[in-house]
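Read the structure below first, then the notes.
Chain letters run A, B, ... following the sequence lines, proteins first and then strands; every chain starts at 1. Note that the structure is predicted; figures quoted are calculated from it, not measured.
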Amino acid sequence: MKGPRVRFAPSPTGYFHVGSARSALFNFFVARKARDGVFILRIEDTDADRNREEWVDGIVSAMQWLGLSPDEGPFRQSDNGPAHREAISQLWGAGFLYYCDCTSDLVTARKGDNKTPGYDRFCRERGLVAGPTTALRFATPTDGTTTVHDLIRGDVVFNHSVIDDFVVAKSSGAVLYALANVVDDRADRITHVIRGEEHLPNTPKQILLWTALDVVSGTRVDLPAYAHLPLLVNEQRKKLSKRKDPVSTESYRDQGFLSEAFVNYLGLLGWAPSGDIEKAPLADFIAEFRLEDVSHSPAFFDVKKLTHLNGEYIRALAPDEFIERLTPWVRPWASDWSPTDRDVPWSPEQFDEALFFLVAPLIQERIAVLGEVPAMVDFFFLSEVPYDEAAFAKTVSGNPVAIEMLRAAITAFDTAEWTSENLHRVTADVGESLGLVLRKAQAPLRCAVTGTTVGPPLFESLEILGRSVTLERLEAALRKALG
RNA sequence: GCUCCCAUCGUCUAGUGGCCUAGGACACCGCCCUUUCACGGCGGCGACGCGGGUUCGAAUCCCGCUGGGAGUGCCA
């Protein structure tokens with residue numbers, strides 16, 4: 001028995017939409033679940049106005065990042081032009097199509113308050129012929145119904161009376177998506193069409209075209225099984241909008257989401273693994289996934305939950321793996337890729353690899369996305385402490401006892417054994433002598449040395465930074481506070 | 001307007017007639033841990049839209065209503 005052949009068929013845009021990513025993923029699940037399934041990538045670029053080669057590169061690289069590389073493709077729909085035109089001429093020859101010279105203004109004007117959908121079949125019997133202003137329409141049967149057998153939703157019946165005579169080829173001769181998609185699915189022997197719910201209403205048109213092609217081509221090709229995935233929506237429960245919502249997969253990659261966490265989260269939108277487990281490896285998703293179990297209702301893309309899941313994935317990384325994954329964010333010069341428009345605060349000369357190796361474990365459990373790292377560790381590498389002036393004013397200069405704490409710490413640290421444990425103890429003792437609990441005692445030191453009030457554990461950081469740098473910074477902070 | 005889809009905590013979901021005084025996760029709120037921030041642990045808040053049926057028994061089946069959404073291009 002032959003395995004499923006599925007295709008992911010995006011139209012090229014400037015970025016890879018998260019909804020597209022989810023569709024690609026569910027197609028991928030179906031292909032991988034079978035031992036001999038095939039996952040095809042087809043770029044639906046029949047609209048020449050919106051088509052640029054770099055958009056295709058973007059789709060391919062985003063899919064690669066997600067680990068969803070196709071088994072076949074990327075194919076370009078535009079490469080199959082001859083077959084599309086052949087289909088058109090066969091369909092025309094058999095009387096399935098007719099020419100129409102109505103402008104869209106005319107169509108809407110004539111429609112008026114009429115309840116009939118779309119085009120009113122005005123040109124159906126006019127016997128027009130090809131010309132520079134005539135488009136080709138499909139003569140939809142006026143009675144009867146077409147049923148879409150949807151694996152997720154069950155049978156959906158469409159009455160032909162509500163399907164208009166849609167255009168299959170523009171007056172320019174360009175073949176439209178409706179037809180090209182069907183011709184290509186037939187040619188690729190697609191067995192499962194898995195796509196967003198927004199495609200459900202035009203599925204009967206494609207089925208009509210499919211069966212018409214069976215007739216004119218003399219080859220009966222089995223209809224694919226259809227599965228329309230629930231939409232991804234925003235807080236307002238509207239379809240994710242490219243204008244208002246953060247929908248670019250690349251932007252999540254650039255913020256430092258791990259691809260495996262991102263894929264895991266996407267897999268949770270509209271489907272769930274068995275048991276009370278949500279964090280699961282891709283292999284588990286593939287093994288358990290069934291289209292029949294996909295949810296029917298729209299899902300909100302919740303960045304907070306994604307972020308939490310990403311944090312779990314980060315914490316689960318082996319330390320050296322964590323450091324490796326951080327390369328684009330901390331050593332972009334050593335990486336063939338780095339997040340766009342994001343500068344690293346230090347220079348290659350300032351960055352100290354051995355030191356970072358010691359620092360990494362301190363931050364691994366306190367971040368949720370990789371992009372948080374530079375701001376958290378910058379003080380280790382910069383010669384000038386990057387002060388948060390408001391924090392400094394509050395924690396150090398505006399606080400008399402903090403000044404005392406700084407002075408006392410400088411004295412005590414001068415000879416203290418330089419281990420985090422001892423620095424911890426010494427700070428506690430010095431603080432106590434000034435009537436400060438450790439929480440209060442460490443605050444001015446932290447701000448003096450790291451520039452801010454939050455960050456990696458202080459004493460561990462001081463140990464890594466070393467005695468001379470620490471003392472230098474404490475003294476500099478004291479001068480800054482007094483001066 | 002017309003066609004179609006959908007309806008369990010704020011969110012993602014489990015649930016396929018009795019195991020449900022509805023489970024988990026995110027978010028939120030407490031408490032604990034604690035050198036900041038986090039992590040972690042414990043606990044709390046919190047849902048079957050409404051009305052009719054069917055059935056000994058409905059979150060689960062049927063109908064209606066209401067509410068959301070999508071489609072309605074010489075876009076895909």
Side-chain angles (χ1 to χ4, degrees), chain A residues 9-13 44-47 49-50 77 100 102-104 107-108 113-119 133-137 148 150 153 156-159 161-164 166-172 174 176-178 180-181 195-204 228 230-231 233 235-239 265 268-279 293 295-309 311-312 315 363-368 376 395 420 423-424 427-428 431 437-443 445-447 450 452-461:
Chain A
S11 59
T13 51
E44 307 249 318
D45 59 351
T46 50
D47 187 351
D49 292 345
R50 314 196 227 159
Q77 186 154 70
C100 165
C102 300
T103 61
S104 59
V107 171
T108 48
D113 56 335
N114 202 326
K115 327 173 232 321
T116 52
Y119 180 63
T133 59
T134 55
L136 225 27
R137 289 184 183 271
V148 177
D150 190 286
R153 289 155 212 284
V156 183
V157 181
F158 292 86
N159 200 311
S161 63
V162 300
I163 303 174
D164 72 346
F166 53 98
V167 174
V168 294
K170 299 204 226 184
S171 48
S172 68
L176 256 19
Y177 156 82
N181 182 270
R195 69 222 312 193
E197 191 192 341
E198 70 270 26
H199 286 284
L200 185 51
N202 60 48
T203 302
H228 289 94
L231 254 21
V233 298
E235 289 105 318
Q236 287 75 238
R237 301 255 117 205
K238 304 266 198 225
K239 189 165 77 159
Y265 178 67
L268 257 19
L269 259 22
W271 188 77
S274 63
D276 286 333
I277 300 166
E278 293 194 323
K279 179 172 178 285
D293 295 335
S295 158
H296 297 187
S297 39
F300 169 56
F301 188 87
D302 187 353
V303 179
K304 283 201 176 130
K305 183 155 182 173
L306 201 212
T307 302
H308 174 87
L309 190 61
E312 288 191 9
R315 276 169 253 131
I363 57 172
Q364 185 170 5
E365 64 181 34
R366 28 180 55 80
I367 60 165
M376 196 173 274
T395 321
S420 62
L423 292 168
H424 183 171
T427 303
V437 295
L438 187 54
R439 177 187 177 83
K440 294 287 185 188
Q442 60 88 40
L445 305 186
R446 173 183 297 280
C447 191
T450 74
T452 183
T453 57
V454 300
L458 181 61
F459 307 117
E460 287 79 353
S461 298

Tell me what [X] touches on the nucleic acid: a base, only sugar-phosphate, or nothing, going by heavy atoms under 4.0 Å.
{"X": "A:Ser297", "result": "sugar-phosphate"}
{"X": "A:Pro298", "result": "sugar-phosphate"}
{"X": "A:Cys102", "result": "base"}
{"X": "A:Thr395", "result": "nothing"}
{"X": "A:Ala443", "result": "nothing"}
{"X": "A:Arg153", "result": "sugar-phosphate"}
{"X": "A:Glu235", "result": "nothing"}
{"X": "A:Gly275", "result": "nothing"}
{"X": "A:Asn202", "result": "base"}
{"X": "A:Leu176", "result": "sugar-phosphate"}

Distance between [atom1] atoms of [N] and [M] (Å, rounded):
{"N": "B:rG57", "M": "B:rG10", "atom1": "C1'", "answer": "32 Å"}
{"N": "B:rC28", "M": "B:rC12", "atom1": "C1'", "answer": "16 Å"}
{"N": "B:rC6", "M": "B:rU13", "atom1": "P", "answer": "14 Å"}
{"N": "B:rA76", "M": "B:rC39", "atom1": "P", "answer": "47 Å"}
{"N": "B:rA59", "M": "B:rC48", "atom1": "C1'", "answer": "5 Å"}
{"N": "B:rG40", "M": "B:rC26", "atom1": "P", "answer": "8 Å"}
{"N": "B:rC20", "M": "B:rA47", "atom1": "C1'", "answer": "13 Å"}

Does [X] get its side chain close enough to the base of [N], under 3.5 Å, for a donor-acceptor pair?
{"X": "A:Glu278", "N": "B:rG24", "answer": "yes"}
{"X": "A:Lys305", "N": "B:rA25", "answer": "yes"}
{"X": "A:Ser104", "N": "B:rC74", "answer": "no"}
{"X": "A:Arg366", "N": "B:rC39", "answer": "no"}

Residue [X], side-chain atoms from C-beta onward, closest of [options]:
{"X": "A:Thr46", "options": "B:rU35, B:rA76, B:rC6", "answer": "B:rA76"}
{"X": "A:Glu198", "options": "B:rC12, B:rA70, B:rC37", "answer": "B:rA70"}
{"X": "A:Glu197", "options": "B:rC5, B:rC26, B:rC37", "answer": "B:rC5"}
{"X": "A:Ala272", "options": "B:rA76, B:rC75, B:rU13", "answer": "B:rU13"}
{"X": "A:Arg237", "options": "B:rC74, B:rC37, B:rC12", "answer": "B:rC12"}
{"X": "A:Arg137", "options": "B:rC74, B:rG40, B:rA38", "answer": "B:rC74"}
{"X": "A:Leu200", "options": "B:rC74, B:rU35, B:rC4", "answer": "B:rC4"}
{"X": "A:Lys170", "options": "B:rC75, B:rU11, B:rC37", "answer": "B:rC75"}
{"X": "A:Phe459", "options": "B:rA7, B:rU35, B:rA25", "answer": "B:rU35"}

(request) Going 5' to 3' through nucleotides 28-34 of chain B, assign each nucleotide B (protein heavy atom under 4.0 Å from a base atom), S (under 4.0 Å only from sugar-phosphate atoms) or - (no protein heavy atom that close). (result) -------
(request) Determine: side-chain N/O of A:Arg315 to OP1/OP2 of B:rC39, distance under 4.0 Å, yes or no. (result)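 Looking at the OP1 and OP2 atoms of B:rC39, neither is under 4.0 Å from any side-chain N or O of A:Arg315.
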(request) Would you classify B:rC19 as syn or anti? Syn applies when the glycosidic angle is within 90° of 0. (result) anti
Pairing nucleotide - [N], Watson-Crick or G-U, each distance under 3.5 Å:
{"N": "B:rC20", "answer": "none"}
{"N": "B:rU55", "answer": "none"}
{"N": "B:rC4", "answer": "B:rG69"}
{"N": "B:rC50", "answer": "B:rG64"}
{"N": "B:rG43", "answer": "B:rC29"}

(request) Flag as yes if A:His199 stacks onto the base of B:rA70 (centroids under 5.5 Å, planes under 30°), otherwise no. (result)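 The base of B:rA70 is not stacked with A:His199 (the test needs centres under 5.5 Å and planes under 30°).
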(request) May I ask you to check whether over 12 heavy atoms, not counting those of A:Lys279, lie within 6.0 Å of atom NZ? (result)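 Result for NZ/A:Lys279: enclosed.
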(message) Can you tell me how the ring of A:Phe301 sits relative to the ring of A:Tyr265, calling it parallel under 30°, perpendicular over 60° and tilted otherwise?
(response) perpendicular
(message) Closest-nucleotide mapping onto RNA chain B: is A:Lys238 or A:Pro10 further toward the 5' terminus? I mean the 5' end.
(response) A:Lys238
(request) Using ring pair (Phe, Tyr, Trp, His ring centres under 6.0 Å) as the criterion, list what pairs up with A:His308, not counting sequence neighbours. (result) none
(request) Using the test side chain to side chain contact (heavy atoms under 4.5 Å, CB included), find all partners of A:Ser172 that sit at least two apart in sequence or belong to another chain. (result) A:Lys170, A:Ala174
(request) Find the distance between CG (A:Leu309) and CG (A:Asp302) and round it off to the nearest 0.5 Å. (result)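 CG of A:Asp302 is found 11.0 Å from CG of A:Leu309.
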(message) I need the A:Glu44 CD to A:Gln77 CD distance, nearest 0.5 Å.
(response)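 Those atoms lie 4.0 Å apart.
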(request) Please answer whether the main-chain N or O of A:His228 pairs with a side-chain N or O of A:Asp150 as donor and acceptor at a distance below 3.5 Å. (result)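 Yes; at least one donor-acceptor contact below 3.5 Å.
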